[in-house]
Trainee: 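Please read through the structure below; I'll follow up with questions.
Residue numbers begin at 1 in each chain, while the letters A, B, ... track the order of the sequences. Computed from a prediction, not measured in an experiment: that's the story for all the values here.
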2 protein chains.
Amino acid sequence: MNLVSYFQTIVPLSPTAQDALEALITTSTYRKNDIIQEIGSTCRTLYMVKSGCARIFYWKDGNDITEHFSFPNELIVRAESLFTGKPTSKGIQAITDTELYAIDSLVLFRLYDQHHDIERLFRILFEQEYVNTIKRIESLQFHSAKERYLELLKSTQYVQHIPLKYIASYLGITQVSLSRIRADIS
Amino acid sequence: MNLVSYFQTIVPLSPTAQDALEALITTSTYRKNDIIQEIGSTCRTLYMVKSGCARIFYWKDGNDITEHFSFPNELIVRAESLFTGKPTSKGIQAITDTELYAIDSLVLFRLYDQHHDIERLFRILFEQEYVNTIKRIESLQFHSAKERYLELLKSTQYVQHIPLKYIASYLGITQVSLSRIRADIS
DNA sequence: TTGATTATTTATCATTTGTAAAATGTTTTC
DNA sequence: GAAAACATTTTACAAATGATAAATAATCAA
């Protein structure tokens, strides 16, 4: 299924809106570990994962912190930059070989003016992201590291392709702690 | 400044959109500790704090957990219910005597169809909430409890009116831990 | 105001997680 | 295939946080 067809399952789109989106969406491919968007840049492209997986990350006190993982059919966007227009200290990196759908944000925002339905589509997509983020807070606030790890394991089989150091910082713990948890489980 | 004037600072609104919003917005007042929305209900009203402060909370393993605080000029909405239409295990409670602007969500969503600018306004308001939530994750993921407490103290003077037990669960720690941190600071 | 209730702090001990360093395992590159 | 680079686990010890209970302090309601 192409991306616009998927969008149609979320919001009905007029034929002209469909055409405008088709014209806007491009595909790009990345090799494992490629940087997709540099730390310090301003977000001008929205991505959706077509295949593979990618992460949003940043540096904190000399440590590489993974803030977010995205898997097929999920958005990957540095929202704090997209919505404010300001540069962000976060970057996006391919974890495996990855194919992404890419959408230029400036063109998209212009389409919002002409196509109420396109603005609605992305409103809803980001509302869904917002809800996911709220669930993540619940998890960080009151689940133990072990519970959070087990949750992540359940969420997708892709976890197996992700280096443990990325998973550890995503869970808010050290790699050593994660190793202990893993030893404890099995 | 009334609420619609505040909205105009975010997105220009047509006169008919302004009128529609004016007609929709009501005000309600609550006493300290009043339940504003019950745990288990479905969100059908958006609130913005006019004065006082309120919290979103839920029960987890017999503990009362505060997920969110809202202060004047901030939205307070159980987004995971508003955007999915499903009931939520979270509730809203007044922490101090509180005045709220209230907006019926079903009427609002109908206005989205008629007024592109109103949909845009709320799209942007919730994008801002989303960005705040991302910042909160950063905080929970890689700041110590002490750092998180100091951050919260800086954010608003209203903190002084909030019982410590609410603050402790908001920070993801026990009340005893928070007491130790406070003793440590002063 | 007084007694009851609720909120906060303190103390003790157990558990979890962090830090640092070394050992082991895996992957990549020549 | 071997060396180098990178990833994961293990160990030992330190620091932070949790659980429980008791001691104070503050607030509320008759």
Side-chain angles (χ1 to χ4, degrees), chain A residues 30-35 52-53 55 57 59-66 69 93-98 138-153 158-186, chain B residues 30-35 52-53 55 57 59-66 69 93-97 137-153 158-186:
Chain A
Y30 296 89
R31 303 289 306 279
K32 178 176 175 175
N33 294 330
D34 280 358
I35 297 298
C53 63
R55 69 183 186 120
F57 71 105
W59 288 84
K60 155 106 185 162
D61 304 333
N63 298 110
D64 173 321
I65 310 297
T66 295
F69 295 118
Q93 183 179 29
I95 294 175
T96 61
D97 290 355
T98 301
E138 231 178 283
S139 174
L140 283 168
Q141 203 179 355
F142 262 87
H143 291 181
S144 68
K146 189 174 182 172
E147 287 172 311
R148 300 202 296 277
Y149 178 63
L150 292 172
E151 264 174 64
L152 182 66
L153 276 188
Y158 280 85
V159 178
Q160 284 132 37
H161 303 294
I162 303 175
L164 285 188
K165 60 179 175 177
Y166 295 169
I167 293 178
S169 67
Y170 177 79
L171 298 175
I173 57 178
T174 61
Q175 208 175 327
V176 174
S177 257
L178 180 54
S179 250
R180 276 192 287 239
I181 288 168
R182 283 158 58 93
D184 198 52
I185 288 169
S186 53
Chain B
Y30 296 89
R31 302 291 305 278
K32 179 175 175 174
N33 294 329
D34 279 358
I35 297 298
C53 63
R55 69 184 187 120
F57 71 105
W59 288 84
K60 156 108 185 160
D61 305 332
N63 297 112
D64 173 320
I65 310 296
T66 295
F69 295 118
Q93 184 178 29
I95 294 176
T96 60
D97 291 356
I137 285 187
E138 233 178 280
S139 173
L140 282 168
Q141 204 179 356
F142 262 87
H143 291 181
S144 68
K146 189 174 182 174
E147 288 171 311
R148 300 202 297 277
Y149 178 62
L150 292 173
E151 265 174 64
L152 182 65
L153 277 187
Y158 279 84
V159 177
Q160 284 132 35
H161 302 294
I162 303 175
L164 284 189
K165 61 179 175 176
Y166 295 168
I167 294 178
S169 67
Y170 177 80
L171 298 175
I173 57 178
T174 61
Q175 207 175 327
V176 173
S177 257
L178 180 54
S179 250
R180 276 194 286 239
I181 287 169
R182 283 159 57 94
D184 200 49
I185 288 169
S186 52

Trainee: Between dG18(D), dA7(C), dT17(C), spot the one nearest the side chain of Ser177(B), thanks.
Mentor: dG18(D)
Trainee: Closest to the Val176(B) side chain: dA19(D), dT17(C), dT8(C)?
Mentor: dA19(D)
Trainee: Rounded to the nearest Å, what distance is computed from the CG atom of residue Asp184(B) to the C1' atom of nucleotide dT10(C)?
Mentor: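 Asp184(B) atom CG is separated from dT10(C) atom C1' by 14 Å.
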Trainee: Look only at the side chain of Gln141(B) and the backbone of Ser169(A), and say whether a donor-acceptor pair between them is shorter than 3.5 Å.
Mentor: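 Yes, the answer is positive, given that a donor and an acceptor are paired below the 3.5 Å cut-off.
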Trainee: Measure the distance from NZ on Lys32(A) to C1' on dT28(C) and round it to the nearest whole Å.
Mentor: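 Value for this atom pair: 10 Å.
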Trainee: Give a yes/no on whether any side-chain N or O of Arg182(A) is located under 4.0 angstrom from OP1 or OP2 of dT9(D).
Mentor: yes
Trainee: Would you compute the distance between atom CD1 of Ile65(B) and atom NZ of Lys60(B) and round it to the nearest 0.5 angstrom?
Mentor: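 With rounding to 0.5 Å, CD1 (Ile65(B)) is 8.0 Å from NZ (Lys60(B)).
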Trainee: Looking only at side-chain atoms of Lys165(B), point me to the closest of dT8(C), dT17(D), dG18(C).
Mentor: dT8(C)
Trainee: So does Arg55(A) get a backbone contact from the side chain of Gln93(A), meaning a donor-acceptor N/O pair under 3.5 Å?
Mentor: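 Not a single qualifying donor-acceptor pair exists.
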Trainee: Any chance NZ of Lys32(B) has more than 12 other-residue heavy atoms, nucleotides or ligands included, within less than 6.0 Å?
Mentor: no
Trainee: Would you kindly give the CD-to-C1' distance between Gln175(A) and dA21(C), to the nearest whole Å?
Mentor: 14 Å
Trainee: Go through dG18(D), dT19(C), dT10(C) for me and flag the one nearest to the Ala183(B) side chain.
Mentor: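 Side chain of Ala183(B) sits closest to dT10(C).
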Trainee: Quick one: is dT8(D) close enough that its OP1 or OP2 comes under 4.0 Å of any side-chain N or O from Ser179(A)?
Mentor: no
Trainee: What is the separation between atom NE2 on His161(A) and atom P on dT26(C), rounded to the nearest whole Å?
Mentor: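 For the pair His161(A) NE2 and dT26(C) P, the rounded distance is 17 Å.
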Trainee: Quick check: on DNA chain C, is the nucleotide nearest Ile162(B) upstream (toward 5') of the one nearest Arg180(B), or the reverse? Name the residue that is more 5'.
Mentor: Ile162(B)
Trainee: Please tell me if Thr174(B) has a side-chain N or O lying less than 4.0 Å from either OP1 or OP2 of dG18(D).
Mentor: yes
Trainee: Rounded to whole angstroms, how far apart are CD1 on Ile185(A) and C1' on dT8(D)?
Mentor: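 After rounding, the gap between these two atoms is 15 Å.
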Trainee: Working to the nearest 0.5 angstrom, can you tell me the gap between Ile167(B) CD1 and Ile181(B) CD1?
Mentor: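 These two atoms lie 11.5 Å from each other.
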Trainee: Asp64(A) CG to dC6(D) C1': how many Å, rounded?
Mentor: 14 Å
Trainee: Starting at OH of Tyr149(A) and ending at C1' of dT16(C), how long is that distance when rounded to a whole Å?
Mentor: 18 Å
Trainee: Leu178(B) has an atom CG; how far is it from atom P of dT9(C), in whole Å?
Mentor: 7 Å
